[in-house]
*Asks:* 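Input: one structure, supplied below.
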Amino acid sequence: MAEVSNKRILFKEYITGAPKESDMVQTVGSIKLKVPEGSNSVLVKNLYLSCDPYMRNLMNEPMEGEESYILPFFPGQVVTGFGVCKVVDSGHPNFKEGDYVWGITGWEEYSLVPSPEALFKIPFTDVPLSYYTGLLGMPGVTAYAGFHEICKPKKGEYVYVSAASGAVGQIVGQYAKLMGCYVVGSAGSKEKVDLLKNKFGFDEAFNYKEETDLVATLKKYFPEGIDIYFENVGGPMLDAALLNMRVKGRIAVCGLISQYNLDKPEGVHNLFMLITKRVTMTGFISMDHYHCYPEFVEKTRNYIKEGKIVYVEDTVEGLENAPAALVGLFSGRNVGKQVVLVARE
C-alpha cells in the first residue's frame, strides 16, 4: 500500500479580531493512498481550495450553548473548506477512482473524506474545474437560491448587491440582469467598480470607501427605492439600505463580512423600516437549498456557454499560500473569487 508525504495547513489556536497568516501553520505528514478496508470513505487528491468569508467564524472559540450550521475549527486540526478534488480510491458505491468531485475537504494535498455523502460529483468538465469552488459550487448555489428562491425577483425591479465583486455578488448581479432588473453594486476599489460595470454588466456601481453618507448614496442610485437588497456586508450598509427599501421589499441576508472580525458586532438601528415598509428580511445558508443544485448547474452552465454569465477568479498557486489568500479576503485584497491551486492533476 503506497504511502506518500502530505503537506497540510493546521489551525493553531482560537482567535479574536482579524485573522493572520500566523494563525495557521504548514506541516508535513503522510497518508496511505488507499481507503481502510471495509470503509465507506473516499480518498481524494485536492486540486483547488476555496477561500470563503464564513471560515473566519469557524476560528472563534465556541460559546456555551451556541449553535452553528457548521462545526468550528479546533486547535491542531487541518483547516477545512470547500474544494475541488479527484478521487484516488473509494469505499463508497457512488464514487470511483478518477471521479471529479466538489465539497468539504481538507487544506492538504490528500484528504480522506469519511462522510462522502456531502460530496457532489462534478457533472460537466467542459468548464474550468476551478468554477466548482465558486460559480458552479457553493457560492453559485448561494447566489441562485438567495436571489431566485428568497428574493423572488420580478422583471424591472430595483436590485442592490453589496460586496458585489466577490464570489457570490458577481453572480447575483448577473442573474438580476438576466431577469431584466436594474442593478447597482458596491465594492471597495476603483478596479472592482470598473469590473462591475464593464465586465459583469451592472447598471451602476460605487466604491463604498469613498462615500461619507451611505443613505444619500443609495438614494442617489435608487431614487424610487430598492426592491431587493442582497446583503453580504452588514453594519452601516444594512442600516442605509433599510432606509431606502421600497414597500414589500426583500432582503436576503447572505453574509455580514464587516462584522466578522469585531469583538462586539455593531447593532442595526433602522429595523423599524421592516414594519413601516412591510419588508421581508431572510437569512439563509446554501445547504438548505442543495435540492435545487441540478437545476442550478444545468442553467448556469448554459449561461456560461452562451456568454451570458462571466466569472472572475483570483488564483494563487501553492498550498503554502492558502493562509495568506484567506486572510486577504478581509482586507479586500482579492479581485473576484479567491481560489488556491494545489495541484493541476
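Small disclaimer: the values here were computed from a predicted structure and weren't measured. Each residue takes its place number in the sequence, starting with 1.
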*Asks:* Going by heavy atoms in the side chains, are M138 and Y54 under 4.5 Å from each other?
*Replies:*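 Yes, at least one pair of side-chain atoms sits under 4.5 Å.
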*Asks:* If you group Ile, Leu, Val, Met, Phe, Trp and Tyr by side-chain heavy-atom gaps below 4.5 Å, do L119 and W107 land in one group?
*Replies:*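 No, separate clusters.
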*Asks:* Could you check whether any side-chain heavy atom of M24 comes within less than 4.5 Å of a side-chain heavy atom of M59, counting everything from C-beta outward?
*Replies:*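 Sidechains of M59 and M24: in contact.
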*Asks:* Suppose we screen for ring-ring contact (aromatic ring centres under 6.0 Å, His included). Which residues come up paired with Y158, at least two apart in sequence or across chains?
*Replies:*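 Only Y182 meet the ring-ring contact (aromatic ring centres under 6.0 Å, His included) criterion with Y158.
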*Asks:* Taking the side chain as C-beta and beyond, is there a heavy-atom pair between K7 and V342 under 4.5 Å?
*Replies:*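 Not in contact.
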*Asks:* Would you call L135 and I171 a side-chain contact if the rule is heavy atoms closer than 4.5 Å?
*Replies:*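 When only atoms from C-beta onward are counted, I171 and L135 do touch, with a gap below 4.5 Å.
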*Asks:* Return the NE2 to CG distance between H269 and D239, rounded to the nearest 0.5 Å.
*Replies:*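 Interatomic distance, H269 NE2 to D239 CG, rounded to 0.5 Å: 5.5 Å.
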*Asks:* Flag yes if more than 12 heavy atoms outside K277 fall under 6.0 Å of its NZ atom; otherwise flag no.
*Replies:*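 Enclosed.
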*Asks:* When rounded to the nearest 0.5 angstrom, what distance separates CE in M237 from CG in L242?
*Replies:*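 If we round to the nearest 0.5 Å, M237:CE and L242:CG are 12.0 Å apart.
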*Asks:* Only one of Y221, Y208, Y160 clears side-chain hydrogen bond (donor to acceptor under 3.5 Å, both in side chains) with S186; which?
*Replies:*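 Answer to the side-chain hydrogen bond (donor to acceptor under 3.5 Å, both in side chains) test with S186 among Y221, Y208, Y160: Y160.
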*Asks:* Strictly by modelled atom types, are Y144 and E295 linked by a side-chain donor-acceptor pair under 3.5 Å?
*Replies:*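 On atom types as modelled, these side chains qualify, holding a pair under 3.5 Å.
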*Asks:* If you define the side chain from C-beta out and look only at heavy atoms, does anything of F222 sit under 4.5 Å from N244?
*Replies:*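 They are not in side-chain contact.
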*Asks:* Considering residues, nucleotides and ligands other than K199, do more than 12 of their heavy atoms fall under 6.0 Å from its NZ?
*Replies:*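 No, the 6.0 Å shell around NZ holds no more than 12 heavy atoms from other groups.
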*Asks:* Using atom types as modelled and distance alone, determine if a side-chain donor or acceptor of N46 lies under 3.5 Å from a backbone N or O of C85.
*Replies:*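 Such a contact is absent between N46 side chain and C85 backbone.
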*Asks:* Could you pull out the closest heavy-atom pair between K337 and A167, with the gap in Å?
*Replies:*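 The answer is CD-CB, 3.3 Å.
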*Asks:* Are the side chain of Y293 and the backbone N or O of G137 linked by a donor-acceptor pair below 3.5 Å?
*Replies:*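 Checked: no pair found.
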*Asks:* How far apart are the closest heavy atoms of F230 and T142, and which atoms are they?
*Replies:*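 The answer is CZ-O, 4.1 Å.
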*Asks:* Where does the angle between the aromatic ring planes of F82 and W102 fall among parallel (under 30°), tilted (30 to 60°) and perpendicular (over 60°)?
*Replies:*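 Taking W102 first and then F82, their aromatic rings sit tilted (interplane angle of 30° to 60°).
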*Asks:* Start with the C-alpha distance between T80 and T105, add both sets of side-chain angles, then the distance that settles side chain to side chain contact (heavy atoms under 4.5 Å, CB included), and finish with yes or no.
*Replies:* CA-CA 6 Å; T80 57; T105 187; over 6 Å; no
*Asks:* Evaluate whether atom CD of Q77 has more than 12 neighbouring non-hydrogen atoms of other residues, nucleotides or ligands under 6.0 angstrom away.
*Replies:*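 It does: Q77 CD has more than 12 such atoms within range.
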*Asks:* Rounded to the nearest 0.5 Å, how far does NE2 of H148 lie from CE of M179?
*Replies:*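 The NE2 atom of H148 is 6.5 Å from CE of M179, to the nearest 0.5 Å.
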*Asks:* Linking I/L/V/M/F/W/Y whenever any side-chain heavy atoms sit under 4.5 Å apart, do F120 and V101 land together?
*Replies:*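 Different hydrophobic clusters.
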*Asks:* Run the side chain to side chain contact (heavy atoms under 4.5 Å, CB included) test on L49 and L319 for me, step by step, so that the C-alpha distance in whole Å, both residues' side-chain angles and the decisive distance to 0.1 Å come before the verdict.
*Replies:* CA-CA 9 Å; L49 299 176; L319 181 65; 3.7 Å; yes
*Asks:* More than 12 heavy atoms of other residues, nucleotides or ligands under 6.0 Å from CD of E97: is that the case?
*Replies:*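 For E97, atom CD is not crowded (no more than 12 foreign heavy atoms under 6.0 Å).
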*Asks:* Using modelled atom types and a 3.5 Å cut-off, is there a donor and acceptor pairing between side-chain atoms of N270 and backbone atoms of L243?
*Replies:*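 Pair absent, no side-chain N/O of N270 close to backbone of L243.
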*Asks:* Could you check if a side-chain atom of F330 sits within less than 4.5 angstrom of a side-chain atom of I257, using non-hydrogen atoms only?
*Replies:*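 Yes, their side chains come closer than 4.5 Å.
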*Asks:* Pairing donors with acceptors under 3.5 angstrom, does anything connect the side chains of S50 and Y132?
*Replies:*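 Judged by distance alone, the side chains do not pair up.
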*Asks:* Please say yes or no: joined through hydrophobic side-chain contacts below 4.5 Å, possibly via intermediate residues, are F202 and V168 part of one cluster?
*Replies:*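 Linked within one cluster.
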*Asks:* One pair to check against side chain to side chain contact (heavy atoms under 4.5 Å, CB included): M287 and H289. What are the steps and the verdict?
*Replies:* CA-CA 5 Å; M287 64 182 64; H289 299 272; over 6 Å; no
*Asks:* Report the residue from H92, K96, E117 that forms a side chain to side chain contact (heavy atoms under 4.5 Å, CB included) with V42.
*Replies:*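 Passing option: H92.
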*Asks:* Kindly write out the residues that satisfy side chain to side chain contact (heavy atoms under 4.5 Å, CB included) with D314, not counting sequence neighbours, or none if the list is empty.
*Replies:*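 Side chain to side chain contact (heavy atoms under 4.5 Å, CB included) check on D314 returns N334, V335, Q338.
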*Asks:* Considering non-hydrogen atoms only, spot the tightest contact between P114 and S41 and give its length.
*Replies:*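 In terms of heavy atoms, the two residues are closest at CA-OG, 3.6 Å.
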*Asks:* Quick one: pull up CZ in F284 and SG in C151 and give me the separation to the nearest 0.5 Å.
*Replies:*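 Going from the CZ atom of F284 to the SG atom of C151 covers 7.5 Å.
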*Asks:* Can a donor-acceptor pair be found, under 3.5 Å and without considering hydrogens, that links the side chain of R8 to the backbone of V79?
*Replies:*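 Not at all, since once roles are kept as given, no pair shorter than 3.5 Å links the two residues.
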*Asks:* Taking atom CD1 of I226 and atom CD of E224, what is their separation to the nearest 0.5 Å?
*Replies:*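 Rounded to the nearest 0.5 Å, the CD1-CD separation comes out at 12.5 Å.
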*Asks:* Among K152, R246, R250, find the residue that satisfies the side-chain hydrogen bond (donor to acceptor under 3.5 Å, both in side chains) test when tested with E157.
*Replies:*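 With E157 as partner, K152, R246, R250 yield a single side-chain hydrogen bond (donor to acceptor under 3.5 Å, both in side chains), made by R250.
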*Asks:* Do D126 and K305 have side-chain heavy atoms sitting under 4.5 Å apart?
*Replies:*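 Answer yes - side chains close enough.
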*Asks:* Taking L196 as the starting point, is it possible to reach L178 by hopping between hydrophobic residues whose side chains are less than 4.5 Å apart?
*Replies:*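 Linked, L178 and L196 end up in one cluster.
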*Asks:* When clusters are formed by joining ILVMFWY residues with side-chain heavy atoms under 4.5 Å apart, either directly or through shared neighbours, do Y290 and F95 land in the same one?
*Replies:*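 Different clusters: Y290 never reaches F95 through Ile, Leu, Val, Met, Phe, Trp or Tyr contacts under 4.5 Å.
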*Asks:* Kindly say whether E191 contributes a backbone atom to a donor-acceptor pair with the side chain of D194 at under 3.5 angstrom?
*Replies:*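 Looks like no, no N/O pair under 3.5 Å.
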*Asks:* Do any N or O atoms from the side chain of D203 and from the backbone of V184 form a donor-acceptor pair under 3.5 angstrom?
*Replies:*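 No; judged by distance alone, with no hydrogens or angles, the pair does not exist.
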*Asks:* Hey, are the side chains of V310 and F200 touching, using non-hydrogen atoms and a 4.5 Å cut-off?
*Replies:*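 With C-beta onward as the side chain, the pair touches.
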*Asks:* Shortest non-hydrogen contact from Y48 to V339?
*Replies:*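 Shortest heavy-atom separation between Y48 and V339 comes out as CD2-CG1, 3.7 Å.
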*Asks:* Is K121 atom NZ crowded by more than 12 heavy atoms from other residues, nucleotides or ligands, each under 6.0 Å away?
*Replies:*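 Yes, the 6.0 Å shell around NZ holds more than 12 heavy atoms from other groups.
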*Asks:* Start with the C-alpha gap between F73 and M55, add the side-chain angles, then the distance that decides, and say whether side chain to side chain contact (heavy atoms under 4.5 Å, CB included) holds.
*Replies:* CA-CA 9 Å; F73 299 150; M55 298 171 73; 4.3 Å; yes
*Asks:* Check E3 against S30 and note the closest heavy-atom contact, atom names and distance.
*Replies:*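 Closest approach of E3 to S30, heavy atoms only: OE2-OG, 3.0 Å.
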*Asks:* For Y311 versus G134, what's the shortest heavy-atom pair and its separation?
*Replies:*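 Heavy atoms of Y311 and G134 come nearest at OH-CA, 3.5 Å.
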*Asks:* Looking only at atom types and distance, does a side-chain atom of K197 sit under 3.5 Å from a main-chain N or O of G201, one as donor and one as acceptor?
*Replies:*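 A pair under 3.5 Å: no.
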*Asks:* Within 45° of the six-membered ring axis of F124 and under 6.0 Å from that ring's centre, is NZ or CZ of R301 located there?
*Replies:*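 Output yes; distance and angle both within limits.
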*Asks:* Return the OG to CG distance between S130 and L47, rounded to the nearest 0.5 Å.
*Replies:*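 Interatomic distance, S130 OG to L47 CG, rounded to 0.5 Å: 10.5 Å.
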*Asks:* Any salt bridge linking K45 with D89? Criterion: basic side-chain nitrogen under 4.0 Å from a carboxylate oxygen.
*Replies:*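 Result for this pair is no, no salt bridge flagged.
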